[in-house]
Number of protein chains: 2
Amino acid sequence: MANFSEFQPLNETTLIEYIKSIPSLSSKLANNFSDITVKEVGDGNLNFVFIVSNSSGSLVIKQALPYVRCIGESWPMTKERAYFESLALKEEGKLCPEHVPEVYHFDRVMSLIGMRYLEPPHIILRKGLIAGVEYPLLSQHISDFMANTLFFTSLLFRSTTEHKRDVAEFCGNVELCRLTEQVVFSDPYKVSEYNRWTSPDLDRDAEAVREDNLLKLEVAELKAKFCERAQALIHGDLHTGSVMVTPESTQVIDPEFGFYGPMGFDIGAYLGNLILAYFSQDGHADQANDRKGYKEWILKSIEDTWNLFHDKFTGLWEKHRNGAGEAYLPAIYNNPEVQLLVQKKYMTDLFHDSLGFGAAKMIRRIVGVAHIEDLESIADAGKRATCERRALNLAKMILKERRKFESISEIVSAIQQF
Amino acid sequence: MANFSEFQPLNETTLIEYIKSIPSLSSKLANNFSDITVKEVGDGNLNFVFIVSNSSGSLVIKQALPYVRCIGESWPMTKERAYFESLALKEEGKLCPEHVPEVYHFDRVMSLIGMRYLEPPHIILRKGLIAGVEYPLLSQHISDFMANTLFFTSLLFRSTTEHKRDVAEFCGNVELCRLTEQVVFSDPYKVSEYNRWTSPDLDRDAEAVREDNLLKLEVAELKAKFCERAQALIHGDLHTGSVMVTPESTQVIDPEFGFYGPMGFDIGAYLGNLILAYFSQDGHADQANDRKGYKEWILKSIEDTWNLFHDKFTGLWEKHRNGAGEAYLPAIYNNPEVQLLVQKKYMTDLFHDSLGFGAAKMIRRIVGVAHIEDLESIADAGKRATCERRALNLAKMILKERRKFESISEIVSAIQQF
Ligand SMILES: Nc1ncnc2c1ncn2[C@@H]1O[C@H](COP(=O)(O)OP(=O)(O)O)[C@@H](O)[C@H]1O
Ligand SMILES: Nc1ncnc2c1ncn2[C@@H]1O[C@H](COP(=O)(O)OP(=O)(O)O)[C@@H](O)[C@H]1O
Ligand SMILES: [Mg+2]
Ligand SMILES: [Mg+2]
Ligand SMILES: [Mg+2]
Ligand SMILES: [Mg+2]
Ligand SMILES: [Mg+2]
């Protein structure tokens, strides 16, 4: 029998030993280890993910190793991230159980999470977007997730005492925050060994990003917000690769970058990745499918996501207006006129934050270290570069001009003009 | 011999027992307890302060009790504040030793700090301002304190790793943060049993504050910044009662409200209290002294403080531009044009924050729970109300219009117009 009192990376054999030793895991398989199958499916950048199943049930084991998986041991990264992922999964699961996989087990020594297996036909949303699949409930679901997780962890709902306690705890996830600072807010704007882009097509475009003073001014403001502003518990990596979907179900996974940060970082990550999916469609169009209708659906999803989020978030605010939240005390903000004023300002600021962070996330996916399959899978480099350039130019414009936009429909119009 | 292994409020007798038991304290008195004198001098709102001296030396003992001194046991307040005060004193002392009293000893169980006695002729700056005394070095000194403590604890100098570690630690000072939230950002804008003002003279003025929607909108933004934005280690209570002075020396005491918050809160507290000192002068003028010259000196101090702070702070930034600070990486911000852009934006935002917080601090001193001697000592209520109304009206205007001001000289002009 193996000894799991010290950290060790699991393989398909030791994994089974491990599960046997943990009742909350082995019970998912009805303690039956004769017909078991194990599959490592981690396609993410950082961690190992095993699907374990038999005729009675299934589960997923996610383990963090002390480095970045897609780079290797040369890029060390604390395995403590698994602790923060489990914390965030549990908190998000409490706030939005319909859209977060249940956590069965967490082992801090082993940096290991046992959770619900999101069984087929669940696939990663990004893959669905590349395949051109429409998800009729997606915007409803993801706006639910964002509204619930962000509202209920903000000072609109919480007391300062609860807020500062949780802020302090998640300060421990600093290594993952630093990774974001580097790859989102810094590397794309300087020469870095990790940066890459479709070359030589985008050589001048990448250089232009590095030489754009106004862009650097704006990205500095966003970086400061990311580092300093503990507005709510954010997922921290809410791109379309962190969402698994079927036509009926939407599940948010992988909050290992979770911490108390600016809400707009999550909303922007999701919207920015939808916009990238939109611009990649022309690269996937062929004679059988021109993708025109699908592009319309993506645009509608962008618009619906923000509008639904807006309505749900302000709805929660309205509902809990007399609760324990300490930001807007009822005795001060108890007249309809001032309520309207503060809500308008809050939501407008959040909209502009979301646009800024979304644009920064788009830029980094085109000229930074981590690219996305939506664009990478366009085999023809010339075609890919054209898609990427349009997305990049839109993102640069939004990052600089975001405060001029008053509604998401104006963003949709801008997308169509690029 | 008394037992100090559990908390107990000290009196003039047990205090001596305590000092005897602590070598780093008794050594300040050359271990000589025959000619000792003890005087309790706490004139602050919260704590007990004892001056202990003999022919060989002296020291100050400050002890926090688990309630607010000026209100009594009916307003409980964690005595853990002494821990954060000692942390902040030590950190500020490292960054700016010329202007912070040395800490000799800290005892967490006893909530007790032993520190340098700021011997006569040191007096509380507020008393000097009431007496009409000019301090030729004050603006130089206080701008040193602000520039050093704020710059070196910000992400302009620190790495994210250091920053998040210290942010987490100071999250523990949440009770004191909540007190500020209540008395600065909430109570003045609602009916509260603690509020008071010169009545009936200012009844309508106080009511107008409670009914001013635009003011409430602005103060909500500042409150959110106070609660969410961990920009630097701030003193948290930097009014003119937290500064002791002689013509040659300036010493900042009492950082028990210290935490990672917005820099503008400190700068604003100081400037706002100078402005209040200015408006109180007419109440102190008499035939012997019309205070006209002194008012000019206060205006000059306001202007000098900001301008000196600005130059010192940007000077430190320039000097440490290639250091470990992670906000503006040299590889990105290495051209003079973008440097100018980011610095201008940073300092303008900080200026507007400072004006906003300063105005909020002025308002709360006129219609909130804690008033200031500058105004309270004007015996004639009518005269006092006139001074207070001018200050209040200026503060309301600044809070709403602060983004229109581009330099401190414009603020000085505005002061002269009210
Ligand atoms: N609970 C789950 N159910 C099914 N598949 C999962 C589950 N969690 C992760 N996966 C699969 O593993 C991949 C990587 O997981 P993820 O949590 O994103 O890891 P990483 O942190 O390395 O990005 C996902 O893209 C998905 O395909
Ligand atoms: N180190 C010191 N040297 C001399 N006097 C001091 C010292 N510290 C405090 N005092 C005196 O005690 C008073 C209260 O101290 P302070 O730290 O402001 O307490 P509180 O937190 O209760 O406001 C000060 O106004 C000052 O007169
Ligand atoms: Mg992932
Ligand atoms: Mg991940
Ligand atoms: Mg004091
Ligand atoms: Mg005080
Ligand atoms: Mg104090």
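Below, read A as the first sequence line, B as the second, and so on, with proteins coming before strands; counting in each chain starts at 1.
For the residue pair B:F185 and A:I332, the shortest heavy atom distance occurs at O-CD1, 4.3 Å.
With a 4.5 Å cut-off on non-hydrogen atoms, B:C227 touches chain A through its backbone and its side chain both. With a 4.5 Å cut-off on non-hydrogen atoms, A:A220 touches chain B through its backbone and its side chain both. Of the atoms belonging to B:E326, heavy atoms from both backbone and side chain fall under 4.5 Å from chain A. B:D349 does not touch chain A: none of its heavy atoms, backbone or side chain, sits under 4.5 Å away. Heavy atoms of B:E181 lying under 4.5 Å from chain A belong exclusively to its side chain. For a residue to count as touching a neighbouring chain, one of its non-hydrogen atoms must lie under 4.5 Å from one of that chain's; by this rule A:K216 touches chain B with backbone and side chain alike. For B:F259, the part lying under 4.5 angstrom from a heavy atom of chain A is the side chain only.
Note that CG of A:L340 is 11.0 Å distant from CG of B:L217, once rounded to the nearest 0.5 Å.
Looking only at side-chain heavy atoms (C-beta outward), A:L329 and B:K223 come within less than 4.5 Å of each other. For the pair A:L341 and B:L214, the minimum side-chain heavy-atom distance is below 4.5 Å.
Residue A:E228 forms a side-chain hydrogen bond (donor to acceptor under 3.5 Å, both in side chains) with just one option from B:K225, B:R229, B:Q231, and that option is B:R229.
For NZ of B:K404, the number of neighbouring non-hydrogen atoms (other residues, nucleotides, ligands) closer than 6.0 Å is 12 at most. Heavy-atom neighbours of B:E406 CD from other residues, nucleotides or ligands within 6.0 Å: at or below the threshold of 12. Heavy-atom contacts from other residues, nucleotides or ligands closer than 6.0 Å to CD of A:E207 number more than 12. Other residues, nucleotides and ligands contribute more than 12 heavy atoms inside 6.0 Å of the CD atom of B:E318.
The choice from B:E169, B:H163, B:R178, B:K190 that makes the most heavy-atom pairs within less than 4.5 Å of chain A is B:R178.
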